[in-house]
Amino acid sequence: MAWIDEIEAPDASGELADLYQELLERRGKIANILKVHSLNPQALKAHLDLYMTLLFGRSGLSRADRESIAVVTSASNKCDYCVNHHAQSLGRYQKDPQSLAEIRAAQDFTVLDPRTRAMLAHARKLTKEPDAVTQADLDTLRATGFSDRDILDITLVTAYFNFVNRIALGLGVDYNEQELQGYKEAT
């Protein structure tokens, strides 16, 4: 439960019921971060469309890259809900426990390859000090192999998780182990 009213799936009607059904078919369940939008189905739809585009759409970034950005951004914001959800997803792609620990800590990325290190350092800086980002930061990303489209996607995924973290933190969206389990991989 969040700190505001939410409409549960059995009580949903109209557009909200349709969105919930789509979520159940695509993902196998309805995440609390989406259920918190239930009082505004149009916002839920827009949020879901943005999520699917940024996390699952065509990109030069891998799913592991995008989940890593999600975890680092969320850890930088101290959003346990998103850290735990996306660390769970990242575990499908990143099998090294030390790398996972570094990403979850959003601190020193010493065991990560230079490309991933640069990407995550940029996501952390954009989250914690957005006004300090300069063209030189983008040049660093280019030097590690990122195209301008990749840089756009890094920025969009980082910005998206800053947005979502504030929803989760601002509305008291919670999770438990059961809520973290059982999602289907989106297609």
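Exactly one of I154, T158, V157 qualifies for a side chain to side chain contact (heavy atoms under 4.5 Å, CB included) with M119. That residue is I154.
Judged by distance alone, the side chain of D113 and the main-chain N or O of R115 form a donor-acceptor pair under 3.5 Å. D18 places no side-chain N or O within donor-acceptor distance of the main-chain N or O of E15, the cut-off being under 3.5 Å. Between the R92 side chain and the Q88 main chain, no donor and acceptor come within less than 3.5 Å of each other.
To the nearest 0.5 Å, atoms NE2 (H37) and CG (N32) are separated by 12.0 Å. Rounding to the nearest 0.5 Å gives a distance of 11.5 Å between CG of D80 and CG of D174. Here the NE2 atom belonging to H86 is positioned 10.5 Å from the CG atom belonging to N84, to the nearest 0.5 angstrom. Atom NZ of K29 is separated from atom CG of L23 by 12.0 Å, given to the nearest 0.5 angstrom. The structure places NE2 of H47 at 6.0 Å from CD1 of I33, a figure rounded to the nearest 0.5 Å. Note that CZ of R117 is 10.5 Å distant from CG of D108, once rounded to the nearest 0.5 Å.
A donor-acceptor pair shorter than 3.5 Å cannot be found between the side chains of D137 and T140. Side-chain polar atoms of Q21 and E25 form a donor-acceptor pair below 3.5 angstrom.
A salt bridge between D153 and R66 is absent, with no side-chain N of the basic residue lying under 4.0 Å from a carboxylate O of the acidic one. With respect to R27 and E22, no salt bridge is recorded, no charged nitrogen being found less than 4.0 Å from a carboxylate O.
Scanning both residues, F161 and S74, for their nearest heavy atoms gives CD2-OG, 4.0 Å. Across all their heavy atoms, A31 and Y81 have their closest contact at CB-OH, 3.7 Å. Minimum heavy-atom separation, A12 to Y20: CB-CD1, 3.8 Å. Of all non-hydrogen atoms in L100 and Q94, the two that sit nearest each other are CD1-O, 3.3 Å. Scanning all heavy atoms of the two residues, the minimum distance from L34 to L48 falls at CD1-CD1, 4.1 Å. The two residues L141 and T144 come nearest to each other via the heavy atoms O-OG1, 2.9 Å.
Taking a 6.0 Å sphere around CD of Q42, one finds it holds 12 or fewer heavy atoms contributed by other residues, nucleotides or ligands. The environment of K45 atom NZ is sparse: at most 12 non-hydrogen atoms of other residues, nucleotides or ligands sit within 6.0 angstrom. Environment of CD in Q135: sparse, with no more than 12 heavy atoms of neighbouring residues, nucleotides or ligands closer than 6.0 Å. A 6.0 Å sphere centred on NZ of K78 holds no more than 12 heavy atoms belonging to other residues, nucleotides or ligands.
Aromatic ring orientation, F56 versus Y51: perpendicular (interplanar angle above 60°, classes split at 30° and 60°).
Under a hydrophobic clustering in which Ile, Leu, Val, Met, Phe, Trp and Tyr are joined whenever their side-chain heavy atoms come within less than 4.5 Å, directly or via other members, L61 and L126 fall into different clusters. Put simply, L50 and L44 are part of the same group of oily side chains (I, L, V, M, F, W, Y) that touch within less than 4.5 Å, one to the next. Cluster annotation: F146 is not connected to V133 through the hydrophobic network of ILVMFWY side chains, with a link wherever side-chain heavy atoms come within less than 4.5 Å. Under the 4.5 Å side-chain heavy-atom criterion for ILVMFWY residues, a single connected hydrophobic cluster contains both Y175 and L55. Placement of M52 and L156 within a single hydrophobic cluster is found when ILVMFWY residues are connected by side-chain heavy-atom separations under 4.5 Å, directly or transitively.
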Worked verdict on E129 versus R124 for salt bridge (charged side-chain N to carboxylate O under 4.0 Å, His left out): CA-CA 8 Å; E129 306 173 274; R124 182 179 58 207; over 6 Å; no

Intermediate values then yes/no, side chain to side chain contact (heavy atoms under 4.5 Å, CB included), V71 and L120: CA-CA 9 Å; V71 173; L120 296 181; over 6 Å; no

Where do S147 and D150 land on the side chain to side chain donor-acceptor pair (under 3.5 Å) test, with the steps shown first? CA-CA 5 Å; S147 69; D150 297 337; 3.2 Å; yes

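For the pair N77 and R166, the minimum side-chain heavy-atom distance is below 4.5 Å. Within the 4.5 Å cutoff, side-chain heavy atoms of L138 are placed close to those of H122.
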